[in-house]
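Structure record follows, encoded as structure tokens.
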Amino acid sequence: MSAIRETADQVATLGEKYKYGFVTDIEMEVTPKGLNEDVVRLISGKKNEPEWMLEWRLGAFRRWKEMTEPSWARVHYPKIDYQNSSYYAAPKANPKLESLDEVDPKLLETYAKLGIPLHEQKLLAGVAVDAVFDSVSVATTFKKKLGEAGVIFCPISEAIREHPELVKKYLGSVVPVSDNFFATLNSAVFSDGSFVYVPKGVRCPMELSTYFRINASETGQFERTLIIAEEGAYVSYLEGCTAPMRDENQLHAAVVELVALDGAEIKYSTVQNWYPGNEEGVGGIFNFVTKRGDCRGRDSKISWTQVETGSAITWKYPSCILRGDNSVGEFYSIAIANNYQQADTGTKMIHLGRNTRSRIVSKGISAGHAQNTYRGLVSVHPKAENARNHTQCDSLLIGKSCGAHTVPYIESRNPSARIEHEATTSKIAEDQLFYCTSRGINQEEAVALIVNGFCKEVLQQLPMEFAVEAQKLVGISLEGSVG
Amino acid sequence: MLEIKDLHVSVGGKEILKGLNLSIGAGEVHAIMGPNGSGKSTLSYTLAGRVGYDVTGGSIIYKGEDLTALPTDARAAKGIFLAMQYPVEIPGVTTINFFKTALNSQRRARGESDLDAVSVLRLVRGKAAALKVPEEMLKRALNVGFSGGEKKRLEILQMALFEPSLAILDETDSGLDIDALKLVADGVNALRAPDRAMLVITHYQRLLNYIVPDRVHVLSAGRIIKDGGKELAHELEAKGYEQIIKDAA
């Protein structure tokens, strides 16, 4: 039975059980606008955090005040007034809707195209789900299964209270507090996120995606995720959702840290489909993310796969530090930018250990007036004997007004390194579209088919149950791109 | 089946077809022969509804319906199939997946239900063997790295799969050696049927030794200038286009 099916069944069972569930009024809880030490203290206090955590946040805040926003990316946006935002809202403060009738029909249309079951549609759209099922109970079921394997999987706020020794040891050890403007801001005000700890020799018994699909609404404005795989452990984690999320926050600045010890493997997949703004480029999420994995142990492996179709602005470079000898880093990316979206994304592969290998496959698709930039760094340090990298960077253009840019940085300080970079730029050719339509495939489906073919190598890396949805998402993201 | 009357077609503002008349009945195979630049490919693309081929005058009546306003994919669903001279490569899309997508698109447009992957594979396998299309080819990306002969065989395989009412074969013989030509011709002949019309477009008479037409038309400067039986192809081969065109004038 597929994981999705299983989840759906569990949800259905619970739905029966909670048929006569009750409605709880959730009070809005938002801090006043502005950012200062009091706000940081307030956030920490709301989470019942220990003193050391508050100090950590305050330290980050003091550094952040001294920092300036980076401007090197090929993205343009109006200046963000950081004092004009609110930095804490209770997790479920979004006003609940009574039924799907109140939801934007366009959103529902997209859910239907993705084939998302009705009860999940409600959850994603922010409709009160109390009568359908209690998501907390589903989470508990999964948690029990994970607990039996010794896997800790909980909100990071809970981990700070329950597992302080692990959090103290690893938090900020991959992305230091002062790493960059957005990461430092996140360190000061992060709202919540996930914590995963897989003990020695344990293969996580389920794709953590299964859980996430149900709990997708927890993704917050300043998300913080920490995943630790002990010696010989394995975990596959999927963040995000193919369905567009209702989200009131414009600025998102998440930090994700991964630590893989000897022989451990972490597979981290992202599907990002936040509001991209309308066809004229008004509105949309600004997504400034710092994601980094540390292959700390020998023979460890970290693999990033991302499908980025949403957000008005994407600034994101999931990276690997290949510290352990024989460690492997991988980055598979699909970035789609349509209308007035701007994406500046890529990766950094830092080779420190011997015989370290990295592979980069980036597929950028631009349509409408969008600008799509691949920015990548491959760095081989002096001790990294026999380091290997292969980079493949393909861009596909749809229409005449969009742009694709490739900015690779390569630094090699060891003569035994072998680094290969391939880049291509192509257009969807009129003859390809004609061929497809002459066989009865309509124009939009033809674009989706051709683009999915272009992205195939990356789509294959996704957990199976999401690959199908991601394929549909690729098509939906490009609707209307060919006149 | 197909009734073309006084058809005028422009490409990029230049008139290519200048008052073409052609009538094809069900079960018939017609050949259009003509020198380079006479408008052969323009005719095939116009029938398929390619964007940029503007019908500026006349009509194309197919099964009693004027086609000129119908988009390409709708024509395919109504049973018009064009086997192309240069089949296009689509990287990353397997041949079998392409077939399935196309077949189900046509079925949906006709209000029929989708076929699942297993049914499609079974259907394709049955027809692929006759055209010597191995299973391995179906798993490769459509036309990517295929030889000329392989590409043409895949075109005919699609024709067998979609079972069109009107099949247009545009220079199907180009780039084929004699063995490949025979194989493709056998495939086409096997699809001759009382309810199916075919329009074979070719430069050379050679193909018509294997696909024997009921009628032959000579196209020159955007107009049919001569009609005849299958012997007209041999006359053309003997005299050359120049003489025939001169005689007709």
Side-chain angles (χ1 to χ4, degrees), chain A residues 113 115 307 332 334 336 361-365 392-399 422 424-462 464 467-468 470-472 474-475 478 482-483, chain B residues 41 44-53 70-95 97-110 112 140-144 151 154-155 157-159 161-164 167-168 170:
Chain A
K113 281 178 188 163
V307 179
Y332 298 96
I334 297 170
I336 299 179
V361 179
S362 162
K363 304 279 182 178
I365 297 122
Q392 189 192 327
C393 220
D394 299 324
S395 305
L396 186 69
L397 302 172
I398 303 172
E422 280 177 52
T424 65
T425 301
S426 51
K427 286 189 103 166
I428 287 194
E430 190 273 330
D431 62 352
Q432 285 178 322
L433 283 178
F434 172 60
Y435 190 86
C436 292
T437 51
S438 82
R439 303 297 142 99
I441 302 168
N442 73 45
Q443 186 136 297
E444 282 188 346
E445 228 181 308
V447 170
L449 187 74
I450 293 166
V451 174
N452 273 307
F454 174 76
C455 298
K456 192 179 186 184
E457 285 162 278
V458 177
L459 289 169
Q460 282 170 339
Q461 299 296 328
L462 284 175
M464 238 240 287
V468 176
Q471 270 184 38
K472 291 183 191 160
V474 164
L478 290 166
V482 176
Chain B
S41 286
S44 65
Y45 289 149
T46 304
L47 290 175
R50 187 167 189 166
V51 176
Y53 290 75
L70 268 190
T72 313
D73 52 315
R75 295 187 198 196
K78 286 183 185 289
I80 295 178
F81 177 81
L82 168 62
M84 298 205 192
Q85 184 178 3
Y86 303 109
V88 176
E89 297 183 0
I90 305 186
V93 177
T94 61
T95 302
N97 182 29
F98 181 83
F99 287 3
K100 178 172 167 248
T101 307
L103 193 62
N104 282 332
S105 293
Q106 294 187 21
R107 292 176 63 90
R108 240 172 279 149
R110 291 192 294 257
E112 298 162 15
R140 280 158 60 192
L142 184 71
N143 289 323
V144 177
K151 286 181 184 173
L154 274 192
E155 293 293 285
L157 176 56
Q158 288 176 70
M159 180 171 149
L161 194 60
F162 303 147
E163 301 181 319
I168 305 146
D170 189 4

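Letters A, B, ... are given to chains in the order of the sequence lines, protein chains preceding strands, and every chain is numbered from 1.
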One option among B/Tyr45, B/Phe162, B/Phe81, B/Tyr86 has the most heavy-atom pairs under 4.5 Å with chain A, and it is B/Phe81

Whatever's closer than 4.5 Å to a heavy atom in chain B on A/Glu445 counts as side chain

Centroid-centroid distance, A/Tyr435 to B/Phe98, less than 6.0 Å: yes

Assess the residue pair B/Thr94 and A/Lys456 against the criterion (side-chain contact (heavy atoms from CB on, under 4.5 Å)); give the C-alpha distance rounded to whole Å, side-chain angles, the decisive distance to 0.1 Å, and a yes or no. CA-CA 10 Å; B/Thr94 61; A/Lys456 192 179 186 184; 3.6 Å; yes

The interface call for B/Arg107 against chain A, heavy-atom contacts under 4.5 Å, is neither

Margin query: With heavy-atom distances below 4.5 Å as the criterion, would you say the side chains of A/Ile450 and B/Ile90 are in contact?
Written below: yes

Side chain to side chain donor-acceptor pair (under 3.5 Å) filter on B/Asp73, not counting sequence neighbours, yields none

Between B/Ser105 and A/Gly440, the two heavy atoms sitting closest are CB-O, 3.1 Å

Cut-off 4.5 Å, heavy atoms of chain B, and the answer for A/Cys436 is both

Residue pairs passing the salt bridge (charged side-chain N to carboxylate O under 4.0 Å, His left out) test with at least one member in residues 433-443 of chain A, sequence neighbours excluded, are A/Arg439-B/Glu155

For residues B/Arg50 and A/Glu430, determine if any side-chain heavy atom of one lies less than 4.5 Å from a side-chain heavy atom of the other.
yes

Greatest number of non-hydrogen atom pairs under 4.5 angstrom with chain A, of B/Pro91, B/Ala74, B/Pro164, B/Pro71, falls to B/Pro91

If one checks every heavy atom of B/Glu89 against chain A at 4.5 Å, the contacting part turns out to be backbone

How about NZ on B/Lys151, more than 12 heavy atoms from neighbouring residues, nucleotides or ligands closer than 6.0 Å, or not?
yes

task = Could you check B/Arg75 against A/Ser438 for side-chain contact (heavy atoms from CB on, under 4.5 Å), going step by step and ending with a plain yes or no?
result = CA-CA 8 Å; B/Arg75 295 187 198 196; A/Ser438 82; over 6 Å; no

One pair to check against side-chain contact (heavy atoms from CB on, under 4.5 Å): B/Val51 and A/Phe434. What are the steps and the verdict? CA-CA 8 Å; B/Val51 176; A/Phe434 172 60; over 6 Å; no

Smallest heavy-atom separation, A/Ile441 atom then B/Thr101 atom, equals CD1-CG2, 4.0 Å

Comparing B/Ala48, B/Ala76, B/Ala109 against chain A, the one with the most heavy-atom pairs below 4.5 Å turns out to be B/Ala76

| query | Looking at side-chain heavy atoms only, is the closest gap between A/Leu449 and B/Asn97 below 4.5 Å? | reply | yes

